[in-house]
Every structure is written in C-alpha cells, then in structure tokens.
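Right, one structure below, let's go through it.
Below, each value reflects all heavy atoms present in this structure, side chains not excepted, and no hydrogens, waters or symmetry copies.
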Amino acid sequence: MKSAHVNLQRGPFLIPIWLTGIGAIATLGVAVFAIFAFWVWFTANSTVVIVIRHAEKESVSAPDPPLSEAGEARAALLVRMFGQPTGPGRLDAIYISSALRNRMTAAPLSGRLGITPIVAPTDDPRGLVHRVLRENSGKRVLVIGHVNTVPDIVAALSGRSDIPPLDEKDFGTMYIVTVPRIGYANLLRVDY
C-alpha cells in the first residue's frame, strides 16, 4: 500500500512541469507557423512579364531600319492595350534593346505612361530575365525583343523548352508570363 501512496504524491507534482513544457512547445510551433505563413504571404507575389517582338520595320537594307506605317500602327495598338497611366494593371517598366525599331515600338507607350524605357542587351536572355525579375518583383513589365531573342526570353521566364521560333514575318505574337516567387510560371500566348 505504501508504494501506491508514493506514486499518487509524485503525479500531481510533475503535471505542472509537463504542462509547461507542452505549452512552450505549442507556443513555439504556433510562432514558427505564423512566421512561415507571413513569409509565404509576403513573398507570394507574382511578376507579370509581357514579351513581344518589335513592330514591323521598313524593308530597307539599312543596318538599323525604322518602323513602317504598319509598325507605327502596331505601336499605337500597344498604347490602346496598355496605356492606362493610372489604376490597376498599369505597366511599371519597359525593357528594350538599343535598336531603333525597338525604341520606336516603345516610344508611344512609354510617353503615355511617363516611363523611360530601360535599354538592356537581349543577347543574354537568362541575364535579362534575372535582371527583370530582380528589379521588378511583383510588378508588370513589358520586354520588347527581336525575332531571334523573344523565344529564348520566354523560355527563360517560363522554364519551358518548347517555345517555337518566331517567323520572320511574325510581329503580332505576345507572350504573357506570370512568374510567382514560389511555384511554377504560367504562360499565355496571344496574337494581337
């Protein structure tokens, strides 16, 4: 009988210690979960990158030809599509190459939005994509490339290897790539 009485005496003495330990572990678990949830919420924003080829160029044999009338009309179409200077969905940045046709494609839209286009080399698609995503996290960006660079830029953004090459006469293909910080990119191809 004496041993049963001793066990009853020890049980109530250890219960507060065990409850304190369990409470501390539960509090720590809730704190870690809250920090993780806050981190996911804070970093779960997506960057939307619109990638197009410059508009139609003149058929002259100049090394850096200007836009044709059709190209100027396509540049004006970009203003109608993305030219809202305020409100949701506004473009935050425009990246172009140094070619005259790229500058002329971006000029009406950048003028309407009050954005100075960023001249960046397009010969290194991965480097360009890294820069665009680093400088514009959670924003909306337009990248104007060339017939030989657009598929590589889209592939680097989306992580896909099945992006078809553009035809030399294709000026109306637009890729919209949504790149989340966590997860996989989403790709949409549009003709405009």
Side-chain angles (χ1 to χ4, degrees), residues 28-55 74-75 77-99 101-103 105-106 109-110 112-113 115-192:
L28 181 64
V30 168
V32 168
F33 178 76
I35 290 170
F36 177 74
F38 178 74
W39 176 78
V40 167
W41 178 264
F42 184 71
T43 63
N45 58 353
S46 296
T47 304
V48 178
V49 183
I50 303 160
V51 183
I52 62 170
R53 180 185 179 195
H54 59 78
R74 190 172 300 277
L77 177 60
L78 289 173
V79 173
R80 287 195 303 275
M81 292 174 72
F82 302 111
Q84 292 301 320
T86 59
R90 179 185 186 275
L91 288 176
D92 298 299
I94 300 173
Y95 286 78
I96 61 173
S97 74
S98 61
R101 55 195 175 274
N102 288 52
R103 290 180 293 164
T105 301
L109 181 59
S110 65
R112 173 74 185 261
L113 296 175
I115 296 173
T116 302
I118 300 165
V119 178
T122 57
D123 58 348
D124 177 19
R126 292 203 179 277
L128 175 63
V129 165
H130 181 70
R131 178 179 176 186
V132 166
L133 295 176
R134 184 185 72 239
E135 293 175 355
N136 301 285
S137 179
K139 297 180 180 178
R140 289 154 307 280
V141 181
L142 175 66
V143 176
I144 302 175
H146 297 274
V147 69
N148 60 339
T149 62
V150 167
D152 294 336
I153 294 169
V154 172
L157 280 167
S158 66
R160 297 179 60 136
S161 60
D162 61 346
I163 308 301
L166 292 178
D167 184 73
E168 189 62 41
K169 295 183 182 196
D170 183 4
F171 294 95
T173 299
M174 175 184 298
Y175 291 97
I176 302 171
V177 187
T178 305
V179 184
R181 280 191 167 199
I182 301 170
Y184 298 102
N186 196 354
L187 174 63
L188 177 66
R189 181 183 180 274
V190 179
D191 292 326
Y192 75 103

Check [X] against [Y] and note the closest heavy-atom contact, atom names and distance.
{"X": "Val79", "Y": "Leu109", "result": "CG2-N, 3.5 Å"}
{"X": "Val119", "Y": "Ser97", "result": "CG1-C, 4.0 Å"}
{"X": "Asn102", "Y": "Ile144", "result": "ND2-O, 2.9 Å"}
{"X": "Leu91", "Y": "Ile115", "result": "O-CD1, 3.4 Å"}
{"X": "Arg90", "Y": "Gln84", "result": "CG-O, 3.6 Å"}
{"X": "Pro85", "Y": "Leu113", "result": "CA-CD2, 3.8 Å"}

Where the side chain of [X] meets the backbone of [Y], is there a donor-acceptor pair that is under 3.5 Å apart?
{"X": "Arg140", "Y": "Asp92", "value": "no"}
{"X": "Thr47", "Y": "Gly138", "value": "yes"}
{"X": "Ser110", "Y": "Ala106", "value": "yes"}
{"X": "Arg101", "Y": "Ala55", "value": "no"}

Going by heavy atoms in the side chains, are [X] and [Y] under 4.5 Å from each other?
{"X": "Asp170", "Y": "Val147", "value": "no"}
{"X": "His146", "Y": "Leu166", "value": "no"}
{"X": "Arg131", "Y": "Asp124", "value": "no"}
{"X": "Val129", "Y": "Ile153", "value": "yes"}
{"X": "Leu133", "Y": "Leu157", "value": "yes"}
{"X": "Ser137", "Y": "Asn45", "value": "yes"}
{"X": "Thr173", "Y": "Ile52", "value": "no"}
{"X": "Ile96", "Y": "Thr105", "value": "no"}

| Any ion pair linking Lys169 and Asp167 (charged N to carboxylate O, less than 4.0 Å)? |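 No, this pair does not count.
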- Rounded distance (nearest 0.5 Å) linking atom CD1 of Ile118 with atom CG of Asn136: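 With rounding to 0.5 Å, CD1 (Ile118) is 6.5 Å from CG (Asn136).
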To the nearest 0.5 Å, atom CG of Asn148 lies from atom CD of Glu168 at 9.0 Å
Here the ring pair (Phe, Tyr, Trp, His ring centres under 6.0 Å) pairs for residues 163-192, sequence neighbours left out, are His54-Phe171
**Item:** CZ/Arg160: more than 12 non-hydrogen atoms of other groups inside 6.0 Å
**Value:** no
- Task: Verify the neighbour count for atom CZ of Arg189: are there more than 12 heavy atoms of other residues, nucleotides or ligands below 6.0 Å?
- Result: yes
